[in-house]
Enquirer: 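I have a structure here, written as structure tokens, and I will follow up with some questions on it.
Each chain gets a letter, A, B and so on, in the order the sequences are listed, and its residues count up from 1. The structure displayed is predicted, hence computed values, not measured ones.
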Amino acid sequence: MQRRNRWLGAGALAVIGALALSACGSGFNSSSGGSSSGKLTSSKKALTVLIGSSGPAETTAVTSAVASWSSSSGTSAKVIAATNLNQQLAQGFSSGKPADVFYLGTDTLAGYASNGSLLAYGDMLKNKSDFYPALVKSFTYNGKFYCAPKDFSTLQLVINQTMWDKAGLTSADVPTTWAQLETVAKKLTTGKVVGLSMNGEYARIGAFMTEAGSNLTSADGQPTANSAANVAALTYVKKLLNDGVLKYAKNVGEGDGGQALGAGKAAMTVEGNWVKGELSADFPNVKYTAVPLPAGPAGKGTLSFSNCWGIAKGSPNQAAALKLVEQLTTTKDQLAFSQAFGVLPSVQSAAAQWKSENPTLIPFLDGANYAQSPPTAKGAADVVTNFNSKLETLATSDPKTILDAVQKNLQALPK
Amino acid sequence: MSTTTPRTPRTSIRHHGGVLRGESGAGWLFTTPMLVLLGLFLVVPVLMALWVSLSDWNGNGSPFRSGVNFIGLSNFSSVLGGGGLSEQNFGEALRNNAWYVILVVPIQTIVALFLAVMVNRQVLRGRGFFRTAFYFPSVTSSVAITVLWLFLFSQSGAINKLLSWIGVNGPNWFQDPSGIIQDGLAGIGVKNGPGFLTGNSFLGVSWWDWIGGPSVAMTAFILMAIFTTSGTFMLLFIAALQNLSGEVQEAAMVDGASAWQRFRLVTLPQLKPTLFTVLTLGLIGGWQIFDQIYTGTQGGPAGTTVSPAYLSYTAAFQDQNWGQGAAIGFILFVIIVAFTLLQRAILRDRPVSKRRMRLYNLNPSTRLSGPDDKDDPSHGPDDGPQGGPDPVAVGIAYENINRQGN
């Protein structure tokens with residue numbers, strides 16, 4: 001009697017466990033079989049568009065663009081503004097019910113492409129040849145063009161015009177070399193104002209590495225972190241820091257370079273084109289000018305950042321998703337996005353009109369011709385995070401030691 | 001749980017025969033909802049996570065689908081060794097969290113106990129007000145307090161303003177990655193550690209950095225934890241204090257023990273079970289910090305506020321290293337269990353030491369006017385080691401009296 005009871009209990013637990021496991025299992029397995037034949041799936045199901053929005057302006061713009069596509073195509077689609085894009089994407093993929101269309105950064109592309117979550121649809125795009133080649137390369141993994149670049153941003157030098165004039169500088173003094181940048185930064189540094197301020201991270205300082213003729217990885221993805229050019233770039237930045245003419249934005253008590261410029265704590269900053277929206281919202285009275293970053297030993301250089309429109313391989317309606325992406329990357333939609341939240345259109349056909357609409361931001365768009373992208377290998381984002389933490393103490397560290405460690409970490413990444 | 005539950009009815013069935021025959025089934029019936037809930041939301045996910053930590057699952061589809069392979073302990077070994085970035089990140093997270101626990105757990109326990117004793121005093125006016133005030137931070141959401149802290153400890157925030165009044169130029173708290181012990185050493189001229197500390201490392205972090213102390217940013221979080229959790233534990237201590245019998249205190253008072261002696265030798269030993277609870281809860285909570293980091297610093301500056309829990313999250317959701325994320329979770333589990341067991345061993349009831357015992361074996365000739373031990377069984381040396389704290393107090397009282405007498 002007693003023995004039987006105990007076995008009964010154990011059996012009950014086992015059954016419960018098995019039921020729970022199978023319940024989870026069925027949820028996971030329901031749609032793991034993606035199409036591998038090259039034909040797009042097609043159905044009547046509504047599309048879900050998951051975006052990592054920068055704010056209400058972006059959400060509204062994307063929502064209305066998607067809504068107008070919906071009404072013209074007859075396929076309903078819903079835009080969800082993620083509170084944490086990476087997390088919500090990951091949850092979608094692991095549950096087997098991902099969003100159909102979503103924002104995807106260059107840093108996460110390799111991870112999702114390598115585990116088979118993404119549809120490599122780039123070559124099926126009608127407007128494929130219109131995208132900037134550098135952007136297409138950023139979203140190419142293992143030789144496949146995965147997803148359409150949504151838009152992009154580049155870094156340039158932004159100057160507080162009032163302080164510039166007050167220091168007696170003219171447009172002829174705009175720095176075109178590293179030495180000139182140092183000179184004007186010195187001139188602009190006064191008691192309360194630092195000449196140059198920017199975020200102490202790879203996403204700003206990396207621009208100097210490209211000007212020196214290198215980057216963390218070479219064009220074909222080989223780690224080149226500890227190249228002589230990169231050491232020269234960090235040594236230059238370190239010198240500016242130690243001379244007191246460059247301060248990291250957080251060290252002047254601001255969140256980023258744009259705010260340091262707007263708050264009058266810095267006369268120049270290295271920032272992206274988003275600085276326009278930032279300054280007009282928080283510091284509408286600050287007069288600023290954007291000029292190309294000075295050329296380094298190897299010429300001009302800057303970094304570009306981009307997102308693409310990813311399409312899930314597990315989407316039941318890939319065909320409609322592709323049509324939606326084609327619509328969202330048209331010249332017309334991209335110009336509307338640019339107007340709403342200050343990004344650069346990723347298609348070359350939009351350039352002329354964009355320049356006429358944004359004359360003050362032309363250097364940013366011109367940067368597309370020579371900009372380089374942050375490393376895209378799987379796990380590279382983690383290496384960059386680690387690099388950033390070391391850059392915070394660059395003023396007191398040895399550039400070569402920092403870069404050697406980054407090189408070691410990049411080489412350890414799975415190929 | 002499943003093995004102990006059926007055992008209880010075994011004896012009762014044997015004793016009472018058929019009367020309670022149906023009880024076992026009923027017991028199972030009543031516990032089933034909880035078993036199902038625990039199984040579904042605790043046991044199954046833990047087992048799944050264990051599998052993920054041992055597999056090469058990459059986040060796409062079910063971890064149990066075909067194509068996901070068993071790869072042994074390689075996720076654990078890349079976190080605990082190998083010299084890669086994963087090991088270094090984990091080492092730093094462990095360093096940060098260890099300093100957090102080392103400072104938060106003792107200080108918050110002492111502060112909580114101090115507040116409880118103060119608030120528990122009969123003479124204090126407006127005790128209710130103070131109790132509420134001290135408990136208030138605990139009922140406020142930790143996210144709200146984190147945001148408040150970010151403002152208070154900003155470079156131009158209230159804390160630095162206060163410091164400036166006494167002539168101190170406050171640090172840029174949440175942006176300062178330097179360790180406070182290293183800062184202190186730099187203040188007396190030691191800028192670089194000795195070679196045997198900087199040259200050797202554990203988990204990818206040099207020994208010099210291990211002993212460098214929490215970063216200034218982490219120190220702000222440490223202050224916040226003390227501020228918020230002391231109130232919670234104060235409540236536990238108050239509850240325990242109110243359960244203590246006043247007679248023991250009076251007896252010690254009669255015996256001439258001073259206020260500090262009464263607290264240290266009478267009150268504190270009686271609070272031992274509560275102390276264990278508070279320390280254990282503090283330890284577990286301390287090793288699991290996540291929400292402050294997530295809302296506050298996201299691990300910055302320079303990775304000095306990354307905790308293993310936060311690292312586990314970023315490894316999985318940002319870097320797509322699901323196996324490593326799960327592995328970190330299990331290592332954290334082992335750490336917490338190990339520390340709890342260690343603490344239990346330290347705080348267990350021990351027989352009274354020989355040195356202490358000598359206090360009780362008093363020579364009758366030196367007795368002056370102490371209470372008559374033979375007549376009052378609750379006092380005196382005859383109680384032996386199991387008699388609780390009172391014999392200690394009485395021993396001290398004797399000692400005092402002797403000293404006065406001499």
Enquirer: So which residues of residues 391-403 of chain A are in contact with chain B at a heavy-atom cut-off of under 4.5 Å?
Expert: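 Against chain B, the residues of residues 391-403 of chain A that fall inside the cut-off (heavy atoms, under 4.5 Å) are A:E392, A:T393.
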Enquirer: By ring pair (Phe, Tyr, Trp, His ring centres under 6.0 Å), which residues pair with B:F221, not counting sequence neighbours?
Expert: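 Partners of B:F221 by the ring pair (Phe, Tyr, Trp, His ring centres under 6.0 Å) criterion, ordered by chain and then number, come out as B:F174.
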Enquirer: Under the ring pair (Phe, Tyr, Trp, His ring centres under 6.0 Å) rule, collect the residues that match up with A:F102, sequence neighbours excluded.
Expert: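 Ring pair (Phe, Tyr, Trp, His ring centres under 6.0 Å) list for A:F102, sorted by chain: A:F93.
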Enquirer: Are more than 12 heavy atoms from other residues, nucleotides or ligands located less than 6.0 Å from atom CG of B:N69?
Expert: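 Atom CG in B:N69 is packed in, count exceeds 12.
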Enquirer: Distance from B:S156 atom OG to A:E254 atom CD, nearest 0.5 Å?
Expert: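 One finds 8.0 Å between OG of B:S156 and CD of A:E254.
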Enquirer: Checking B:F41 against chain A: side chain, backbone, both or neither under 4.5 Å from a heavy atom?
Expert: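 Neither part.
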Enquirer: Where does A:V406 contact chain B at under 4.5 Å (heavy atoms): side chain, backbone, both or neither?
Expert: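 Answer is neither: A:V406 stays 4.5 Å or more from chain B.
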Enquirer: Using non-hydrogen atoms and a 4.5 Å limit, figure out which bit of B:D176 sits close to chain A: side chain, backbone, both or neither.
Expert: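 Interface part for B:D176: neither.
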Enquirer: Sort B:N172 into side chain, backbone, both or neither according to what part of it lies under 4.5 angstrom from a heavy atom of chain A.
Expert: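 It is the side chain, since no backbone atom gets that close.
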Enquirer: Identify the heavy atoms of A:S389 and B:G303 that sit nearest to each other, and give their distance.
Expert: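 For A:S389 and B:G303, the tightest heavy-atom pair comes out as CB-N, 4.0 Å.
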Enquirer: Testing the basics here: between B:Q320 and A:K378, what is the closest heavy-atom pair and its distance to 0.1 Å?
Expert: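 Nearest heavy atoms, B:Q320 then A:K378: O-NZ, 3.8 Å.
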Enquirer: Distance alone, cut at 3.5 Å: any donor-acceptor contact between the side chains of B:Q175 and A:Y248?
Expert: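 There is no such pair (donor and acceptor under 3.5 Å, judged by atom type) between the side chains of B:Q175 and A:Y248.
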Enquirer: Yes or no on side chain to side chain donor-acceptor pair (under 3.5 Å) for A:N84 and B:Y294, after CA distance, side-chain angles and deciding distance?
Expert: CA-CA 11 Å; A:N84 187 328; B:Y294 183 81; 2.8 Å; yes
Enquirer: So what's closer than 4.5 Å to chain B heavy atoms on A:D107: side chain, backbone, both or neither?
Expert: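 Answer is neither: A:D107 stays 4.5 Å or more from chain B.
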Enquirer: What distance do A:T385 atom OG1 and B:D319 atom CG have between them, rounded to the nearest 0.5 Å?
Expert: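 Rounded to the nearest 0.5 Å, the OG1-CG separation comes to 7.0 Å.
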Enquirer: Working to the nearest 0.5 angstrom, can you tell me the gap between A:S94 OG and B:W322 CH2?
Expert: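 Between A:S94 OG and B:W322 CH2, I get 5.5 Å after rounding to 0.5 Å.
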Enquirer: Working to the nearest 0.5 angstrom, can you tell me the gap between A:F387 CZ and B:L85 CG?
Expert: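 It is 13.0 Å, given to the nearest 0.5 Å.
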Enquirer: Given that the side chain runs from C-beta out, which part of A:D382 has a heavy atom under 4.5 Å from chain B: side chain, backbone, both or neither?
Expert: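 Contact with chain B involves both backbone and side-chain atoms of A:D382.
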Enquirer: Is B:P301 in contact with chain A via its backbone, its side chain, both, or neither, using a 4.5 Å heavy-atom distance?
Expert: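 Contact with chain A: backbone and side chain both.
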Enquirer: Which heavy atom of A:N86 sits nearest to which heavy atom of B:Q318, and what is that distance?
Expert: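 Taking every non-hydrogen atom into account, ND2-CG, 3.9 Å.
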Enquirer: Who are the ring pair (Phe, Tyr, Trp, His ring centres under 6.0 Å) partners of B:Y310, not counting sequence neighbours?
Expert: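 Here the qualifying residues are B:F290.
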Enquirer: Write down the atom of A:N115, the atom of B:N60, and the distance for their closest heavy-atom approach.
Expert: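 Looks like O-ND2, 2.9 Å.
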